[in-house]
Number of protein chains: 2
Amino acid sequence: MKTQDAPTVRQRILDTAARLFYQQGYPLTGINQLIAEAGVAKASLYQHFRTKDDILHAYLQQVSQQWFQQVSEAVAQGHSPKAKVLAVFDMLKEFLVAVNFRGCNFQNAVVQLAPEEQAIRTFIQAHKARMGRVFAELLADESLAEEITLLFEGALISSQIRGDLTPVATARRLVERLL
Amino acid sequence: MKTQDAPTVRQRILDTAARLFYQQGYPLTGINQLIAEAGVAKASLYQHFRTKDDILHAYLQQVSQQWFQQVSEAVAQGHSPKAKVLAVFDMLKEFLVAVNFRGCNFQNAVVQLAPEEQAIRTFIQAHKARMGRVFAELLADESLAEEITLLFEGALISSQIRGDLTPVATARRLVERLL
DNA sequence: GTCTATAGATGGATAGAC
DNA sequence: GTCTATCCATCTATAGAC
């Protein structure tokens, strides 16, 4: 492995892409702005990524990894299945405040995708399926886990639209009653 | 009122915009494609709308009106509050199949908005608030209505991501239990 | 209302020099 | 890896002629 300092450039591109794609949206973020803010040359970018779509894919992979890192930390805090599930909803609260209610990276990406980008759509489906499995493994009740996943998704998009935490509070309240 | 044939051009633009914005997304749909498919001249378009944003706004207003038309038809079919609420979820099923799981016009729009387009974001919030009131008036239970609204939103986005109806079925099942 | 022409910016992507 | 120059397409919007 001779890639020792290469990660620096690639990582700077990915971090900048993560910020811009999330704040402005994927179609509204141009390559020119991306390289300007990342401080890399255009030729360097195209040495690490073949297309803009490749950057989107790599960025989503990175964010997915970070997301499940946060999820498992939240799960570790609860001392019962019920407490673990509720801890995930508490994590969601903190997350939304931290990102200023810009919603879910994956929901946002799927909405902004062009019809032909099937590979990325598939990746997002896998991410969401994995999130569903987190609840399913905690609860050992497939049907209940589906309901909670649905409330989680609803809380994500609704809080983004409203710009406040009330949907998460509503979801958490109902989850507590269901468990 | 001298506007008797003017609606034709304006309406053709709006209908085409509705189709393209919904299928391809707002940023990915260009004015040039819009006028080409609507069969109007560019100068004509700018006679009816000041900016592309104005078209988005008018399109959302039109779709919102049509949406609540469908909702009240669904509500009219039920013979009890519970049946009326469930009828709305049945309507959602038909809607999603008809549009091939492209999701909610308003959720999609809010995700694709640039940060500065506050007026349109406000309109979408009002649309969703009105949808919440539909459930609230049927149930006379504010907190229960919020939960059902949340399940509705979750079913919308989840079915879009998955590309099937299982989230709506899950939502409907839980709603039936809650009522 | 239509048509064409064009402005002026920006899009993604490539090539060559260093 | 950097820089600059450039390709061609597309973007929103305006102007002028008919």
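Protein chains get the first letters and strands the later ones, always in sequence-line order, with residue 1 at the start of each.
- Remark: A:Asp54 engages A:Phe49, A:Arg50, A:Thr51 in a side chain to side chain contact (heavy atoms under 4.5 Å, CB included) (not counting sequence neighbours).
- Side chain to side chain, B:Ser64 and B:Arg130 fail the donor-acceptor criterion of an N or O pair below 3.5 Å.
- Regarding A:Leu45, its CG atom lies at a distance of 15 Å from the C1' atom of D:dC3, rounded to whole Å.
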Protein-to-nucleotide contact annotation, 5' to 3' order, nucleotides 9-15 of chain D [B base; S sugar-phosphate only; - none; under 4.0 Å, heavy atom]: --SBBB-
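- At whole-Å resolution of the value, CG in A:Leu34 and P in C:dG11 are 11 Å apart.
- When only modelled atom types and interatomic distance are considered, B:Glu153 and A:Ser158 share no side-chain donor-acceptor pair under 3.5 Å.
- A search for side chain to side chain contact (heavy atoms under 4.5 Å, CB included) contacts involving B:Ala114 returns A:Leu28, B:Glu116, B:Glu117, not counting sequence neighbours.
- Using bins of under 30°, 30° to 60° and over 60° for the plane-to-plane angle, the ring pair A:Phe89/A:Phe152 lands in the perpendicular bin.
- Rounded to an integer number of Å, the gap from CD of A:Gln11 to C1' of D:dG1 is 17 Å.
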